Amino acid sequence: KMCIRDRTNVNPKWQTSLTIAALVTGIAAFHYYYMKEVWVETGTSPIVFRYIDWIITVPLQIVEFYFILAAVSAVSGLIFYRLLIPSIIMLLGGYFGETGILDPTVGFVIGMIGWLIIIYEIFAGEASKINSSSANESSQYAFKTVRAIVTFGWAIYPIGYALGYFTQGDWENTLNIVYNVADFVNKIAFSLVILMLVFILLFAQSKLVQSGDVSIIVNGDSDNPLVAPAGSTLLSTLATQKMFLPSACGGGGTCAMCK
């Protein structure tokens with residue numbers, strides 16, 4: 001709810017990240033509520049329900065890296081797919097192994113390969129290099145924190161898988177407990193990181209960007225100032241008053257024509 005509420009208060013470049021955070025937590029909450037009802041009625045927690053959740057929320061969490069970078073840098077669309085495709089491979093390997101379509105060991109190996117490709121991309125691949133070259137400290141903080149979640153938080157899932165399928169005992173209860181803990185830690189932590197980024201941006205905006213209306217004096221005529229909302233460009237404000245100036249920068253403030 002907070003993500004949606006604050007979405008319109010930040011730069012449009014960051015609005016997609018907020019939307020993703022809201023979707024991840026909202027979808028997870030819905031599925032857990034549904035799984036709770038199934039558990040109460042049947043005493044079981046079908047694995048297919050978890051993968052319905054994960055096939056939506058896990059790729060969303062992974063492509064968040066792309067949108068964090070895209071907000072502050074020029075990013076190739078290939079990075080999007082280099083993050084998205086391994087996440088789907090990881091999920092399909094786990095699903096096929098847990099449902100018996102593949103041998104559990106084969107499914108585990110496929111899932112681990114997908115995860116390790118993601119780890120490589122966010123630590124040593126192009127995504128990591130773009131983040132390192134960014135001068136935006138807020139985006140670097142968000143990228144590195146989400147990277148830590150994907151590395152350490154997501155490690156809980158293969159641990160649960162291994163305990164459930166490669167050891168003796170009540171594997172179903174073990175899986176449920178471990179997967180519940182992993183979802184709780186990772187999805188809440190993920191949303192908190194994005195919210196913290198938003199709060200940092202809003203705080204900086206409140207301190208650095210003037211709010212309210214501003215007065216513009218044209219040609220020294222202080223008796224008839226132009227009034228415009230803060231944040232508007234000088235070029236667009238003059239245009240609304242039928243004062244048109246040639247502009248090579250389109251109002252970006254670099255050509256000095258409307259100084």
Side-chain angles (χ1 to χ4, degrees), residues 1-4 18-65 83-119 145-195:
K1 181 178 178 180
M2 293 178 67
C3 291
I4 297 298
L18 279 176
T19 302
I20 290 174
L23 285 172
V24 167
T25 51
I27 291 169
F30 172 80
H31 276 278
Y32 264 90
Y33 178 80
Y34 184 75
M35 285 193 293
K36 182 198 74 172
E37 297 297 321
V38 174
W39 177 267
V40 170
E41 293 179 6
T42 67
T44 62
S45 182
I47 195 67
V48 67
F49 291 149
R50 290 194 183 276
Y51 278 91
I52 291 173
D53 174 357
W54 293 342
I55 200 65
I56 301 172
T57 59
V58 168
L60 283 174
Q61 288 179 277
I62 284 298
V63 298
E64 184 69 272
F65 286 108
L83 292 168
L84 177 65
I85 292 173
S87 71
I88 295 173
I89 292 173
M90 177 182 68
L91 289 168
L92 291 178
Y95 177 73
F96 290 157
E98 294 202 60
T99 56
I101 296 174
L102 293 176
D103 179 83
T105 301
V106 175
F108 181 79
V109 171
I110 294 173
M112 289 298 293
I113 290 173
W115 182 46
L116 291 175
I117 292 173
I118 294 169
I119 295 298
T145 308
V146 175
R147 182 171 65 186
I149 293 172
V150 170
T151 304
F152 302 107
W154 283 20
I156 302 173
Y157 295 105
I159 291 172
Y161 189 109
L163 290 174
Y165 291 97
F166 305 143
T167 61
Q168 300 296 321
D170 187 355
W171 62 268
E172 184 173 358
N173 283 335
T174 300
L175 275 178
N176 280 328
I177 293 171
V178 175
Y179 285 167
N180 287 346
V181 170
D183 280 345
F184 180 82
V185 170
N186 291 303
K187 289 172 182 175
I188 290 179
F190 171 81
S191 296
L192 286 176
V193 168
I194 303 303
L195 279 175

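Predicted, not measured: the structure shown is a model, and the values here were computed from it. Atoms considered below: every heavy atom in the structure, side chains included; atoms not considered: hydrogens, waters and symmetry mates.
- A 6.0 Å sphere centred on CZ of Phe166 holds more than 12 heavy atoms belonging to other residues, nucleotides or ligands.
- Nearest approach of Thr151 to Ile119, heavy atoms of both residues: OG1-CD1, 3.6 Å.
- At least one side-chain heavy atom of Val150 sits less than 4.5 Å from a side-chain heavy atom of Ile62.
- Proximity of Tyr179 to Ile47: side-chain heavy atoms (C-beta onward) are separated by under 4.5 Å at one or more points.
- Within the 4.5 Å cutoff, no side-chain heavy atoms of Met112 are placed close to those of Tyr161.
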Trace of the side-chain contact (heavy atoms from CB on, under 4.5 Å) decision for Met90 with Val58: CA-CA 10 Å; Met90 177 182 68; Val58 168; 3.7 Å; yes
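- For Tyr157 and Trp115, the gap between ring centers reaches or exceeds 6.0 Å.
- Taking every heavy atom of both residues into account, Ile117 and Pro86 meet most closely at CG2-CG, 3.5 Å.
- For the atom pair CG of Leu84 and CD1 of Ile89, the computed distance is 10.0 Å after rounding to the nearest 0.5 Å.
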side-chain contact (heavy atoms from CB on, under 4.5 Å) assessment of Met35 paired with Phe30: CA-CA 9 Å; Met35 285 193 293; Phe30 172 80; over 6 Å; no
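- Residue Ile52 comes nearest to Ile55 through the heavy atom pair O-CG2, 3.3 Å, listed as atom of the first residue, atom of the second, then distance.
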Residue pair Leu175, Arg50: steps toward the side-chain contact (heavy atoms from CB on, under 4.5 Å) verdict: CA-CA 11 Å; Leu175 275 178; Arg50 290 194 183 276; over 6 Å; no
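- In terms of heavy atoms, Ile156 sits closest to Ala182 at CG2-CB, 3.6 Å.
- The CZ atom of Phe184 lies 10.5 Å from the OH atom of Tyr32; values are rounded to the nearest 0.5 Å.
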Step-by-step side-chain contact (heavy atoms from CB on, under 4.5 Å) determination, Tyr51 to Thr99: CA-CA 11 Å; Tyr51 278 91; Thr99 56; over 6 Å; no
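- Distance check: Trp54 CH2 to Ser87 OG gives 13.5 Å after rounding to the nearest 0.5 Å.
- Between Asp53 and Lys187 there is a side-chain heavy-atom pair separated by less than 4.5 Å.
- Residue Leu60 comes nearest to Ile56 through the heavy atom pair CG-O, 3.2 Å, listed as atom of the first residue, atom of the second, then distance.
- Contact record, Pro59 with Leu91: CD-CD1, 4.0 Å, taken as the closest heavy-atom pair.
- Between Thr25 and Phe190, every side-chain heavy-atom pair lies at or beyond the 4.5 Å cut-off.
- Atom CZ of Phe108 has more than 12 neighbouring heavy atoms from other residues, nucleotides or ligands inside a 6.0 Å radius.
- For the atom pair NZ (Lys36) and NE2 (His31), the distance works out to 15.5 Å, reported to the nearest 0.5 Å.
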